[in-house]
Amino acid sequence: MGQTIIEKILSSHSGQQVHANEIVVAKVDFVMGQDGTSPLAIRAFEDMGGKEVFDREKVAFVIDHSAPSPIEGVSALHKLMREFTRSKGFKMYDIGEGVCHQLIPESGKVGPGSLVIGADSHTCTYGALNAFSTGVGSTDLAGGLISGHLWFKVPETIKFVLNGVLPKGVYAKDLILYLIGDITADGATYMSAEYTGEAVSALSIEGRFTMSNMAIEMGAKAGLMEADEKTFKWLSRYTDKVFTPASADPDAVYAQVRNYDVSKLEPQIAKPHRVDNVCPISEVLGTPIQQAVLGTCTNGRIEDLRIAAELLKGKRIHDDVRFIVAPASKTIYLDAMNEGIIQTLVEAGAAVVTPGCGPCVGTHNGVPSDGENVISTANRNFKGRMGNSNASIYLASPATVAASALLGKIADPRDFIR
Amino acid sequence: MNLKGNAWKFGNDIDTDVIIPARYLNTSDPKELASHCMEDSDPDFSNKISAGDVMVAGKNFGCGSSREHAPIAIKEVGISCVIAKTFARIFYRNAFNIGLPIFESSEAAEDIDEGDQVIVDIELGEIRNVTKNRVYKATQVPPFMQQIISAGGLINYVSERVKKDGNL
């Protein structure tokens, strides 16, 4: 019987041929924690009697959720993480380095065929590089830190076949929002998503990260793609390590195969307060907005900043809008400075904040007020997500966010793209 | 072992940001987390709960973040178990790991009303609605996961096994 991508990766990491619904203990190639989840994992590590991490080169903590610390309680947790990583001798990315889901791919330590766990639900992002990476809680993280292994139920797979060419002004973000709206927020629970087809091949690695990142928003355990020349070219900037890609067999067994033609897709918006509450932009055009956010592990990459800068060059955002920009990593921040993107955005009225998760997760750096509308490139619009349960969040592509910042209301980026 | 309490009813897609907003992840203290449990949905929730009460919800309970603070807050506030149509994957695993009993039953999730008195037999996965005099069956879980719940979480489960057998 043929295997899906995830069945292949779980087979190679458990030393046996496995198929959906089996339970296996698998070796992990990398273990990551962030500042929201690592403190509890440190406690669990100690409660379990942990002495050392299984491999110092395969473990990292990242301070990104509140970076730099906005409050004493968080400062204490950050200190705990610094002391723990120093005493165990493994890597910690401190404030200013960026968002974990950009830093781990940039570390060059994960790639095609890797198995990664991270104590953050958007760990599924690295599926864009053909890695099975998935989010776990702090107790599982502690077990992974100590043993380098974790048990998994081999998930069934839903295959998304995406054909056609995305129209101008329509991006990977619009596509993934559309898919989530179609399958719903729990349509892929306990399952793995495989994205394939010419529309996926045509995407940049940045666009692919966006698609894999949001697999969790349909309940999926992973959002996987096959590796191709673009994957290896992207990785070559960060590592010369050789990876073993995993591709699906022609006779692999799928729980569902869903076919889509992307050539007529419009920009999409996820309306408050659910990620699967998705509509074409035409339904919400003109909705006033007070804050626009460009960044996050979904859309804070160089291509995203470039798209916004092209749209805003020589223009000035609306007077009633705060425009917050958070590059996803220091590397991206520097690249964006070198390209003049940061200058363009700041001249247009953007407030650039430290690379990190703050605005998206509501810890700091842009908590909206009661009754305000925010348009954001993030991945979640849950009630209270940005720190105020009386605000409303609309999710969109970087182009839509930039166009909306310009007009002070939800605006169609296709009106600005030549 | 039986759990007994009154039902608190919730809808579909109760996410982890509602269960415990990220602004409160500035502490790992279970009591502090419990005091903000479900705050954005009902600011008075943590005061209304009597020890042993049961949360009953629709599908996809616990969707969103991987924060283990969510099941910890629910457990610490005094909720003895959560019954839902379905659970999101990471929450499901986290709940077992920290020893919060959870049960999947569409029938129970639909039939139980707010305030109904409920008794749950953990081993049998049997949910009894005392108020309505009805019994529902929860989806079976593998025996080792049952043992994790009975031990009060993964850490206790592992240390009990180590004490008993000298290994895992």
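Numbered from 1 within each chain, the chains take letters A, B, ... in sequence-line order.
Interface summary for chain A: among S65(B), P71(B), P21(B), the most heavy-atom pairs under 4.5 angstrom belong to S65(B). Highest contact tally toward chain B, considering only L40(A), N388(A), D120(A), is held by L40(A) [criterion: heavy-atom pairs under 4.5 Å]. Comparing A185(A), S66(A), A76(A) by how many heavy-atom pairs each has under 4.5 Å with chain B, the most go to A185(A). For chain A, the option among N26(B), I98(B), T86(B) with the highest count of heavy-atom pairs below 4.5 Å is N26(B). Chosen from K383(A), E217(A), R380(A), the residue pairing most often with chain B at heavy-atom distances under 4.5 Å is R380(A).
The neighbour count for K132(B) NZ, taken as heavy atoms of other residues, nucleotides or ligands under 6.0 Å away, is above 12. For D370(A), the CG atom counts as densely surrounded, since its 6.0 Å shell holds more than 12 non-hydrogen atoms of other residues, nucleotides or ligands. Surrounding CD of E72(A) are at most 12 heavy atoms belonging to other residues, nucleotides or ligands under 6.0 Å away. Around atom CD of Q140(B), no more than 12 heavy atoms belonging to other residues, nucleotides or ligands sit under 6.0 Å away. More than 12 non-hydrogen atoms from other residues, nucleotides or ligands lie less than 6.0 angstrom from NZ of K137(B). For K153(A), the NZ atom is loosely surrounded, since the number of other residues' heavy atoms within 6.0 Å does not exceed 12.
Between the side chain of R89(B) and the backbone N or O of M191(A) there is no donor-acceptor pair closer than 3.5 Å. In this structure, N94(B) contributes its side chain and G137(A) its backbone to a donor-acceptor pair below 3.5 Å.
Remark: D13(B) engages R274(A) in a salt bridge, criterion side-chain N to carboxylate O under 4.0 Å.
Taking the side chain as every heavy atom from C-beta outward, L25(B) and V361(A) never approach each other to under 4.5 Å. The side-chain heavy atoms of S28(B) and L77(A), taken from C-beta on, include a pair separated by under 4.5 Å. Side-chain atoms of I216(A) and I90(B), non-hydrogen and from C-beta on, do get closer than 4.5 Å to each other. Under the 4.5 Å side-chain criterion, counting only non-hydrogen atoms from C-beta, S66(B) is in contact with T37(A).
Rounded to the nearest 0.5 angstrom, N60(B) CG and T184(A) OG1 are separated by 8.0 Å. Residue E68(B) holds its CD atom at 7.0 Å from CG of D140(A), rounded to the nearest 0.5 Å. Separation of atoms CZ (R93(B)) and OH (Y190(A)) is listed at 12.0 Å; rounding is to 0.5 Å. For the atom pair CG of L154(B) and CE of M48(A), the computed distance is 5.0 Å after rounding to the nearest 0.5 Å. One distance of note links CZ of F45(A) with CD1 of I155(B); it measures 12.0 Å at 0.5 Å rounding. Between the OG atom of S138(A) and the CZ atom of R67(B) there is a distance of 11.0 Å, given to the nearest 0.5 Å.
With a 4.5 angstrom heavy-atom cutoff, T16(B) does not touch chain A via any of its atoms. In this structure, the portion of F144(B) lying under 4.5 Å from any heavy atom of chain A is its side chain and not its backbone. Heavy-atom distances place both the backbone and the side chain of T139(A) under 4.5 Å from chain B. Using a 4.5 Å cut-off between heavy atoms, F87(B) touches chain A through backbone and side chain atoms alike. Interface remark: T27(B) contributes backbone atoms only to the contact with chain A (heavy atom separation under 4.5 Å).
Here the closest heavy-atom approach between residue G362(A) and residue R23(B) is recorded as O-CB, 4.1 Å.
Within residues 40-48 of chain B, the residues approaching chain A closer than 4.5 Å by heavy atoms are, in numerical order, D40(B).
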